[in-house]
Protein chains: 2
Amino acid sequence: MDRVILVKLSTKGRYGLRAMVDLAVHSGGGHVALYSIAERENISENYLEQVFSTLRKAGLVKSVKGAQGGYTLADKPSNITVGAILRVLEGNLSVVDEDSEASGIGENSIQHCIKVAVWDRMTESLNKLVDSMTLEDLANEYRRMNGKANLMYYI
Amino acid sequence: MDRVILVKLSTKGRYGLRAMVDLAVHSGGGHVALYSIAERENISENYLEQVFSTLRKAGLVKSVKGAQGGYTLADKPSNITVGAILRVLEGNLSVVDEDSEASGIGENSIQHCIKVAVWDRMTESLNKLVDSMTLEDLANEYRRMNGKANLMYYI
DNA sequence: TCCATTCCAAGTAATCCTATATGATTAATT
DNA sequence: AATTAATCATATAGGATTACTTGGAATGGA
């Protein structure tokens with residue numbers, strides 16, 4: 001994946017983040033079958049497959065094939081940030097002016113000025129935010145909202 | 001314009017902001033013809049027309065038709081924020097999960113949790129940032145980068 | 001009147017998004 | 001070994017969006 005543009009959140013990013021939180025909440029140490037996530041979150045299973053294919057290749061989830069197989073998080077929820085997930089599914093989380101990335105744009109142009117003063121600051125602000133949130137935070141928040149005990153994770 | 005989704009910056013937003021800064025920098029009180037902006041900023045004039053049509057209808061620029069006509073900012077640069085420009089051209093600057101806007105999504109769902117914890121925070125962060133920057137800031141920054149005296153304020 | 005300029009309405013080609021569908025592969029269970 | 005539950009890999013198609021282009025009408029200054 002080579003995109004650097006983004007910042008529109010497509011269903012890939014939104015579904016993917018939801019599915020990852022679902023996984024964090026519902027995996028009791030074992031594997032979770034895709035269809036169960038798709039069912040709970042009301043997302044097309046076929047489509048989710050593609051999302052998970054991307055997540056797996058990026059090393060964010062691990063899979064086990066065959067009967068009783070499924071997916072698990074590849075790391076502790078506290079080590080997986082929202083930013084990492086979005087970046088994998090949406091491309092680099094940056095507000096870039098493509099044209100000013102192209103070589104040859106003068107350092108003195110208005111374009112460059114806007115890039116530095118606006119786009120780059122937006123990019124930094126967004127990245128700081130999403131990198132500060134982990135799946136653990138979201139799973140805890142979800143449990144809190146539902147008044148459920150905060151189960152400890154398997155080591 | 002009814003969009004609420006966004007956060008992808010299209011050329012409308014990028015060209016429009018550039019053109020507005022150009023206008024702030026190059027209008028010496030008079031009107032500026034579109035073709036001159038298009039030329040300086042290397043943007044298709046025909047396309048810029050559409051952008052300015054939107055800006056005009058939103059009251060951010062004023063136009064004068066006929067020979068020697070052109071555009072001017074509708075207000076002082078210090079009163080026009082980057083946020084206002086982007087909002088007009090791109091729609092509301094928010095990271096919304098369309099599906100969770102649809103009625104009927106449970107308050108307890110993971111979806112809702114993500115909306116509150118992630119999308120809404122991103123939205124707030126972005127809006128605070130773009131609303132804190134004005135055309136005056138950008139014009140000054142541009143002049144500073146080019147080592148030019150800041151005519152409006154230092155003379 | 002001529003011409004520069006804004007204004008307006010459509011059309012369009014390309015790209016991206018969002019799925020859906022199909023079939024292959026893998027591995028646990030029976 | 002056969003069955004079954006699951007992932008894995010592509011292909012494709014409709015729709016939406018983007019980024020323009022085209023053609024002309026209206027306006028007003030010289």
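Computed from a predicted structure; not experimentally measured. Sequence lines set the chain letters: A, B, ... in the order given, protein chains first and strands last, and positions in each chain run from 1.
- Using a 4.0 Å cut-off, no side-chain N or O of A/S10 falls inside it from OP1 or OP2 of C/dC16.
- Look at CG on A/N42: it is 11 Å from P on C/dA19, rounded to the nearest Å.
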Taking only N/O atoms, report every protein-nucleotides 27-29 of chain D pair under 3.5 Å with atom names and distance.
{"unit_1": "D/dT27", "atom_1": "O2", "unit_2": "B/G66", "atom_2": "N", "d": "3.4"}

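- B/D75 has no carboxylate O lying under 4.0 Å from a charged side-chain N of B/K62, or vice versa, which leaves the two without a salt bridge.
- Using a 4.0 Å heavy-atom cutoff across all strands shown, B/K62 reaches no nucleic acid atom at all.
- In this structure, CD of B/E49 is placed 16 Å from P of C/dA10, rounded to the nearest angstrom.
- Among the atoms of the strands shown, only primed sugar atoms or phosphate atoms (P, OP1, OP2) are found under 4.0 Å from some heavy atom of A/Y71.
- We find that A/E124 and A/R121 are not joined by a salt bridge, their nearest charged nitrogen and carboxylate oxygen being 4.0 Å or further apart.
- One finds a side-chain N or O of B/R56 lying less than 4.0 angstrom from the OP1 or OP2 phosphate oxygen of C/dC8.
- Within the structure, every side-chain polar atom (N or O) of B/T11 is placed at least 4.0 Å from both OP1 and OP2 of D/dT18.
- Summarising the geometry, the separation between CG on B/L48 and C1' on C/dT6 is reported as 13 Å, rounded to the nearest angstrom.
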Original post:
So A/R143 and A/N140, side chain to side chain donor-acceptor pair (under 3.5 Å) or not? Walk me through it.
Top reply: CA-CA 5 Å; A/R143 293 193 191 94; A/N140 284 343; 3.2 Å; yes

Subject >> Candidate pair B/T11 and B/Y47, rule side chain to side chain donor-acceptor pair (under 3.5 Å), full reasoning >> reply: CA-CA 10 Å; B/T11 52; B/Y47 191 47; 2.9 Å; yes

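- Rounded to a whole Å, the CD atom of A/E39 is 15 Å from the C1' atom of D/dA6.
- Look at CG on B/L9: it is 17 Å from P on C/dC16, rounded to the nearest Å.
- Of the side-chain N and O atoms in B/Y35, one or more sit less than 4.0 angstrom from OP1 or OP2 of C/dT5.
- Annotation: side chain of A/T72 is not in contact with side chain of A/L23 (no heavy-atom distance under 4.5 Å).
- We find that CZ of B/F52 is positioned 15 Å from P of C/dT5, with the value rounded to whole Å.
- Within the structure, a side-chain polar atom (N or O) of A/Y15 is placed less than 4.0 Å from OP1 or OP2 of C/dA19.
- Between A/S125 and B/S125, the side chains place a donor N or O and an acceptor N or O closer than 3.5 Å (distance only, hydrogens not considered).
- Below the 3.5 angstrom threshold, one finds a donor paired with an acceptor across the side chain of A/Q50 and the base of C/dT20.
- In this structure, CD of B/E45 is placed 14 Å from C1' of D/dG23, rounded to the nearest angstrom.
- The side chain of B/Y47 lies closest to D/dA19, out of D/dA19, D/dT7, D/dA9.
- Residue B/S53 places no side-chain N or O under 4.0 Å from the OP1 or OP2 atom of C/dT6.
- Listed by first and then second residue, the side chain to side chain donor-acceptor pair (under 3.5 Å) pairs that reach into residues 22-32 of chain B are B/D22-B/H26, B/D22-B/R40, B/H26-B/R40, sequence neighbours excluded.
- The separation between B/N46 atom CG and C/dT6 atom C1' is 12 Å, rounded to whole Å.
- For the OP1/OP2 pair of D/dA19 and a distance below 4.0 Å, the side-chain nitrogens and oxygens of B/S44 include no atom meeting the criterion.
- When only modelled atom types and interatomic distance are considered, A/D120 and A/T123 share no side-chain donor-acceptor pair under 3.5 Å.
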